[in-house]
Amino acid sequence: MLRRAVTPEELDSVLAHYDIGPLASPPGPGSGTANANLRIVTASGEYFFRRRNPKYAREEFVAFDHALMAHMARYGVKTPRPIATRDGRGWVRMNDEVYEVFHYQRGGPHDRHSLAQLASAGRALGDYHRAARDFVPPPGKEWPRYDDPHLIRDGVREIEGELRRRLAAEDWHYLMSQVESLELALPDERYHGLPKLVIHGDYHPGNMKFSGDEVAGIFDLDWATVQPRVRDLADALFLFAGERDSDIDASDIFSLTQTWRPSVERGAVVMGAYLESEALREDEAAALPLFVRARWLYCRVAGMVKVAPERRIEYFVAGLLEPLRTMDGINRLF
């Protein structure tokens, strides 16, 4: 699903609602696969402009996210800082689209080889969770559980014929055994019985910036809702601690969900830093490998809608089973 580009006229119309001055140079591209993002420079400074994906554009969702940003700012957590419009709102609704402008946060991409940055990502997640403990979320963004194994099964069923032709019989049965195991081991009762708070929900290197070895910013709170906090930890182990052959490019769904290799050593770095400030309950530790498996399979199911139809099977199966089989052979993830 391709994002419609922001037109110059659209950008000018939105910026007219702000008191940040005219553009000083042509806008540059932002990042991400869901929202239309731009980096802009005006007479008053650098900003990040985005048009929300309609999926996340209900006003109660935007209000929730902005309340969370304000709360995190009070704790020193480096989430985005929205710019107020001339009428005091934090966003613009125009032609059934929602637009936001944020202060631009400088920083560089994640260096996947840096253990110091891995540790900083773990500490930053601990800081986020500690701050989220006393956040009272406004109503209107109550979402169902994430990475539901039943939805994974539904996604596989939609392409079952093509998958059976593409996969060896052994691989097909292994994939379905993974889905069935998740359905049995992670029912709603267990999922919802784990400690909850407003998680980040999309904690990956493409949503982070670093300054040297330290996290400089945590972005994209579209998936921030009340869910088990262990879901964020699954992201940390899969998307940060997992070994990859190339850097994550958040604007490319193939790159963002590329295959990975579980690493106990790298997982220990991330989780050790997280545990400096946050304790993990036994039931969370026991559920964490299941959350990693569910997250990995679901991200491939969900990612198919962002891929051209003729490439969806290729996208879904490429390196899909290797991380799961590697996890079968190790006793722990950190």
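Since we're looking at a predicted model, the values are computed, not measured. Side-chain atoms are counted along with the backbone in the values below, which use heavy atoms only and exclude waters and symmetry mates.
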Handout entry: Student check: side-chain heavy atoms of His150 and Asp188 closer than 4.5 Å
Key = no
Practice task
For residues His17 and Tyr99, establish whether the separation of their ring centroids is below 6.0 Å.
Solution key: no
Completion exercise
Distance col, row Thr259:OG1 vs Leu324:CG, nearest 0.5 angstrom, shows 8.5 Å
Exercise for the section: Indicate yes or no: at least one non-hydrogen side-chain atom of Val215 is less than 4.5 angstrom from one of Gln117. Expected result: no
Problem - Contact check, side chains of Tyr274 and Glu278, non-hydrogen atoms, under 4.5 Å - result: yes
Exercise for the section: Using only heavy-atom distances, determine whether the side chains of Glu142 and Thr225 contain a donor-acceptor pair under 3.5 Å. Expected result: no
Completion exercise
All heavy atoms of Arg281 vs all of Asp283, minimum pair found to be NH2-OD2, 2.6 Å
Problem - Electrostatic pair Glu162-Arg312, nearest N-O below 4.0 angstrom - result: no
Exercise for the section: Step by step, work out the side-chain contact (heavy atoms from CB on, under 4.5 Å) result for Val269 and Phe334. Expected result: CA-CA 8 Å; Val269 171; Phe334 63 91; over 6 Å; no
Handout entry: Leu237 side chain reached by Trp260 side chain, heavy atoms, under 4.5 Å
Key = no
Problem - Lys/Arg-Asp/Glu bridge criterion (N-O < 4.0 Å) met for Asp134, Arg74 - result: no
Exercise for the section: Please examine the side chains of Phe219 and Met208, heavy atoms only from C-beta on, and report whether any two atoms are closer than 4.5 Å. Expected result: no
Handout entry: Donor-acceptor contact present, side-chain Tyr128 to main-chain Ile199, <3.5 Å
Key = yes
Practice task
Could you tell me whether a side-chain N or O of Arg130 sits under 3.5 Å from a main-chain N or O of Tyr75, the two making a donor and an acceptor?
Solution key: no
Exercise for the section: Search all heavy atoms of Ile152 against all heavy atoms of Ala294 and return the closest pair with its distance. Expected result: CD1-O, 3.7 Å
Problem - Greater than 12 external heavy atoms within 6.0 Å of Glu310's CD - result: yes
Handout entry: Glu170 CD: over 12 foreign heavy atoms closer than 6.0 Å
Key = no
Handout entry: Spacing of NE2 belonging to His110 relative to CD1 belonging to Ile248, to within rounding of 0.5 Å
Key = 7.5 Å
Handout entry: Hydrophobic cluster identity match, Leu23 and Val41, side-chain contacts under 4.5 Å
Key = no
Handout entry: Plane angle bin for Phe210 and Phe240 - parallel if under 30°, tilted between 30 and 60°, otherwise perpendicular
Key = perpendicular
Problem - Same cluster (ILVMFWY, side-chain, under 4.5 Å), Phe61 and Val98 - result: no
Practice task
Look at Asp65 together with Lys141 and state whether they make a salt bridge at an N to O cut-off of under 4.0 Å.
Solution key: yes
Handout entry: Pairing of Glu97 and Arg52 as salt bridge, 4.0 angstrom limit
Key = no
Exercise for the section: Let me see the working for Glu322 and Arg261 under salt bridge (Lys or Arg N to Asp or Glu O under 4.0 Å), right down to the final yes or no. Expected result: CA-CA 8 Å; Glu322 288 82 350; Arg261 296 175 295 279; over 6 Å; no
Problem - Donor-acceptor pair, side chain of Tyr146 and main chain of Trp223, under 3.5 angstrom - result: yes
Handout entry: Which atom of Asp245 lies closest to which atom of Gln258, heavy atoms considered
Key = N-OE1, 3.8 Å
Practice task
Compare all side-chain heavy atoms of Leu175 with those of Leu321 and state whether any distance is below 4.5 angstrom.
Solution key: yes
Completion exercise
Heavy-atom nearest pair, Val179 first then Pro149, reads CG1-O, 3.9 Å
Problem - Over 12 non-hydrogen atoms of neighbours within 6.0 angstrom of CD in Glu276 - result: yes
Problem - Pair Arg106 + Glu46: basic N to acidic O under 4.0 Å - result: yes
Problem - Rounded distance (nearest 0.5 Å) linking atom CZ of Arg190 with atom CG of Leu184 - result: 11.5 Å
Practice task
Before giving the answer on side-chain contact (heavy atoms from CB on, under 4.5 Å), spell out for Val156 and Leu297 the whole-Å C-alpha distance, their side-chain angles and the decisive distance to 0.1 Å.
Solution key: CA-CA 10 Å; Val156 172; Leu297 289 172; over 6 Å; no
Handout entry: Electrostatic pair Asp87-Arg89, nearest N-O below 4.0 angstrom
Key = no
Practice task
Spell out, as yes or no, whether a donor-acceptor pair under 3.5 Å connects the side chain of Arg332 to the backbone of Val264.
Solution key: no
Fill in the blank from the handout: Tightest non-hydrogen contact, residues Ala119 and Ala273, listed as O-CB, 3.1 Å
Practice task
Could you check whether the rings of His71 and Phe135 sit parallel, tilted or perpendicular, using 30° and 60° as the cut-offs?
Solution key: tilted
Practice task
Report the residue from Trp91, Phe49, Tyr47, Phe48 that forms a side chain to side chain contact (heavy atoms under 4.5 Å, CB included) with Ile83.
Solution key: Tyr47
Exercise for the section: Verify, without hydrogens or angle tests, whether Asn207 (side chain) and Asp202 (backbone) share a donor-acceptor contact under 3.5 angstrom. Expected result: yes
Exercise for the section: Quick one: closest heavy-atom pair of Pro289 and Ala286, and the distance? Expected result: CD-O, 3.5 Å
Completion exercise
Contacts satisfying salt bridge (Lys or Arg N to Asp or Glu O under 4.0 Å) that involve residues 284-294 (not counting sequence neighbours) are Arg229-Glu284, Arg293-Asp328
Problem - Exam field: side chain Gln227 to backbone Pro144, donor-acceptor pair closer than 3.5 Å - result: yes
Exercise for the section: May I ask you to test the Val226-Pro137 pair for a side-chain heavy-atom distance under 4.5 Å? Expected result: yes
Exercise for the section: Answer yes when Asp127 and Arg123 have at least one side-chain N-carboxylate O distance shorter than 4.0 Å, and no when they do not. Expected result: no
Exercise for the section: Mind running side-chain contact (heavy atoms from CB on, under 4.5 Å) on Arg50 and Leu38 for me, showing each step along the way? Expected result: CA-CA 6 Å; Arg50 79 169 185 163; Leu38 296 172; over 6 Å; no
Practice task
Determine yes or no for a side-chain-to-main-chain donor-acceptor pair under 3.5 angstrom, with Arg39 supplying the side chain and Gly28 the backbone.
Solution key: no
Handout entry: Test item: Asp232 side-chain N/O and Gly201 main-chain N/O as donor-acceptor pair under 3.5 Å
Key = yes
Handout entry: Side-chain donor/acceptor of Lys209 to backbone N/O of Pro109, under 3.5 Å
Key = no
Practice task
Determine whether Leu118 and Arg266 make a side-chain contact, defined as any pair of heavy atoms from C-beta on separated by less than 4.5 Å.
Solution key: yes
Problem - Straight-line distance of Leu280 CG to Leu288 CG, nearest 0.5 Å - result: 7.0 Å
Handout entry: Atom CZ of Arg244 with >12 non-hydrogen neighbours under 6.0 angstrom
Key = yes
Handout entry: Spacing of CZ belonging to Arg112 relative to CD belonging to Glu243, to within rounding of 0.5 Å
Key = 9.5 Å
Practice task
Tell me, with the steps shown, if Tyr315 and Ile253 meet side-chain contact (heavy atoms from CB on, under 4.5 Å).
Solution key: CA-CA 9 Å; Tyr315 164 79; Ile253 192 64; 3.7 Å; yes
Practice task
Kindly work out whether a path of hydrophobic side-chain contacts (I/L/V/M/F/W/Y, heavy atoms less than 4.5 Å apart) joins Phe102 to Val62.
Solution key: no
Fill in the blank from the handout: Taken to the nearest 0.5 Å, the spacing of Ile313 CD1 from Arg166 CZ works out to 8.0 Å
Exercise for the section: Check whether any side-chain N or O of Glu160 sits under 3.5 Å from a backbone N or O of Arg157 as a donor-acceptor pair, and report yes or no. Expected result: no
